[in-house]
**Student:** 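To start, I am sharing the structure in question, which I have written as structure tokens.
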Number of protein chains: 2
Amino acid sequence: MTQPVQTRTLKTRARLLEAAREVISETSHGALRVEEVVRRAGVAKGTFFAHFKDKDALMDRLIGERMDLLLSDLEACPPPQSTADLVRDLGPFVAFMRSERYVFDVILRYSGAAAREEIGPIAATFERFILLLAPKLAAAPFRKDADPAMLAEGVQAFIFNALGLSFCALHSDDPLDGRLEAYFDLWLLPPGGATA
Amino acid sequence: MTQPVQTRTLKTRARLLEAAREVISETSHGALRVEEVVRRAGVAKGTFFAHFKDKDALMDRLIGERMDLLLSDLEACPPPQSTADLVRDLGPFVAFMRSERYVFDVILRYSGAAAREEIGPIAATFERFILLLAPKLAAAPFRKDADPAMLAEGVQAFIFNALGLSFCALHSDDPLDGRLEAYFDLWLLPPGGATA
DNA sequence: AATAAATATTGACCGTGGTCATTTTTGCGA
DNA sequence: TCGCAAAAATGACCACGGTCAATATTTATT
């Protein structure tokens, strides 16, 4: 064998991905239709499914790469000095997750490695999220009696919870941030530290 | 007006629900097909959608009623004396949520009142969950520096989180319970209480 | 009882994700 | 340069959720 894949394969996949990004940028994730993607990519429908297990796998990849970019920004932030700082630093990441109901649903479904043994892009992003956040939490003035990785997992859980509730009543951003901060205060701050 | 709905309506809806329960008990939630339900109920397809906004609305209702039953069992439990007690009492409720990946997905999607202004059965169940669990947590030997309702919300968030992870690697029940207890220890126990 | 208005039911039809036997393209050894 | 086997692409086809104009049934009015 020369290469595991032909260059043609790579090219076709790249065209599919580019077409998909185009569609999403013009409309939204939820409005993406496979038929529109293959039309723009100039390939047959079957080809799409030779490259992606299903439409969700494409979404997993596209959403995963967006989240990864956002995570790199988060990585560049210094350790938060308060829960309010943390909420602020998390802002863009959280904002993307709630940008569309459909996006949130996909993220939810794939955040836990998606029923497949192979870990997907979104699940990998959340692994990275924990790995990246744990040392920051450890360096922040937060409770020291718990494994930082576990604290990070809690932060993740509370984000999901707050987001789920935020999609309920369609209130603006404010209640979300406030709710997150309240969760974080209880979860991250050592008890007795009166100031929020 | 006499009644808001005709008796015919009630009968048809009951037949649809009964047919759906039948299908699920013979196969699974995920295997339910609307066409099979209407066939068994002896009505046309369009009739189904006159009674339920979509297939998910039927699932919302069926899954919601199951969870409600499980919640009543939980309600009958005395306040837990430890986080291990809590994990045990939560057992059947959690077991149902993880019984099928599809069920968990539906629950996740609808737990936050499902993008609709009207609150659905699953969302109502989680409201009841908080209302029911809060006083139990307050009566248990857990931390007293937080609003019990908030503690209950945290319990819910950690359940979702642990379940999401549990669907990843398909390990058995044990790691789930252990993970839950670890979360609860950190979230519910006053720091300093050394014993787990 | 006759008629009209409101409500429920019907089923042909559509959109869209996904499949698969067949055909085309590619890489490679003779 | 000519097969030939493996990989990739094709597009007709299917499954299934969901729609809607037409029809049937019930209820209210006289």
**Student:** Just how far, in rounded Å, is P of D/dA7 from CG of A/Leu10?
**Tutor:** 16 Å
**Student:** Inspect the contact between B/Arg101 and B/Asp105 and indicate whether a charged nitrogen and a carboxylate oxygen are less than 4.0 angstrom apart.
**Tutor:**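 Yes, charged N to carboxylate O under 4.0 Å.
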**Student:** How many Å lie between CZ on B/Arg15 and C1' on C/dT9, as a whole number?
**Tutor:** 11 Å
**Student:** Nearest whole angstrom, please: distance from the P of C/dT16 to the CG of A/Asp54.
**Tutor:** 17 Å
**Student:** At under 4.0 Å, does any side-chain N or O of A/Thr12 touch on OP1 or OP2 of D/dA9?
**Tutor:**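 For A/Thr12, the contact criterion (side-chain N or O under 4.0 Å from OP1 or OP2 of D/dA9) is met.
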**Student:** Look at the side chain of A/Lys55 and decide which nucleotide, out of C/dG18, D/dG17, D/dA7, has an atom nearest to it.
**Tutor:** C/dG18
**Student:** How many whole angstroms separate atom CD of A/Glu35 from atom C1' of D/dC13?
**Tutor:**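 So the two atoms are 13 Å apart, to the nearest Å.
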**Student:** Taking NZ from A/Lys53 and C1' from C/dG17, how many angstroms apart are they, rounded to a whole number?
**Tutor:**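 Those two atoms, NZ and C1', are 12 Å apart.
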**Student:** Can you list the residues that meet the side chain to side chain contact (heavy atoms under 4.5 Å, CB included) rule with A/Ala95, with sequence neighbours excluded?
**Tutor:**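 Checked A/Ala95 against side chain to side chain contact (heavy atoms under 4.5 Å, CB included); zero matches.
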**Student:** Between A/Glu35 and A/Arg39, does at least one N-O distance fall below 4.0 Å, as a salt bridge requires?
**Tutor:** no
**Student:** Could you walk me through whether A/Ser99 and A/Arg66 pass the side-chain hydrogen bond (donor to acceptor under 3.5 Å, both in side chains) test, one step at a time?
**Tutor:** CA-CA 12 Å; A/Ser99 63; A/Arg66 279 286 293 273; over 6 Å; no
**Student:** Walk me through whether B/Glu75 and B/Lys136 qualify under salt bridge (charged side-chain N to carboxylate O under 4.0 Å, His left out).
**Tutor:** CA-CA 9 Å; B/Glu75 195 166 23; B/Lys136 279 194 204 299; over 6 Å; no
**Student:** Would you kindly give the CD-to-P distance between B/Gln6 and C/dT7, to the nearest whole Å?
**Tutor:** 9 Å
**Student:** Round to the nearest Å and state the distance from A/Tyr102 atom OH to C/dT16 atom C1'.
**Tutor:**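 Rounded to the whole Å, the gap is 12 Å.
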**Student:** Rounded to whole angstroms, how far apart are NZ on B/Lys11 and C1' on C/dT9?
**Tutor:**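 Distance, rounded to whole Å: 16 Å.
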**Student:** Do B/Arg15 and B/Glu18 sit within salt-bridge range, that is, some charged N less than 4.0 Å from a carboxylate O?
**Tutor:** no
**Student:** Just by modelled atom types, is the B/Gln81 backbone N or O under 3.5 Å from a matching donor or acceptor in the B/Asp85 side chain?
**Tutor:**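 Yes, B/Asp85 side chain to B/Gln81 backbone: donor-acceptor pair under 3.5 Å.
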**Student:** Which of residues 37-52 of chain B sit near DNA chain D, with a heavy atom under 4.0 Å from it?
**Tutor:** B/Lys45, B/Gly46, B/Phe49
**Student:** Look at A/Arg21 together with A/Glu65 and state whether they make a salt bridge at an N to O cut-off of under 4.0 Å.
**Tutor:**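 Yes, charged N to carboxylate O under 4.0 Å.
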**Student:** Between A/Arg128 (side chain) and A/Asp68 (backbone), is there a donor-acceptor pair under 3.5 Å?
**Tutor:**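 Yes; at least one donor-acceptor contact below 3.5 Å.
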**Student:** B/Leu32 near the nucleic acid: base, sugar-phosphate alone, or nothing, with a heavy-atom cut-off under 4.0 Å?
**Tutor:** sugar-phosphate
**Student:** D/dC16, OP1 or OP2 - any side-chain N/O from B/Arg33 closer than 4.0 Å?
**Tutor:**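 Yes, B/Arg33 has a side-chain N/O under 4.0 Å of OP1/OP2 on D/dC16.
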**Student:** So if I take the C1' atoms of five pairs at each end of the helix from C/dA1-D/dT30 to C/dA30-D/dT1 and get each local axis, what angle do the two axes make, rounded to 10 degrees?
**Tutor:** 10°
**Student:** What nucleotide among C/dG17, D/dT26, D/dG17 has an atom nearest to a side-chain atom of A/Val34?
**Tutor:**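 Taking heavy atoms from C-beta onward, the closest nucleotide is C/dG17.
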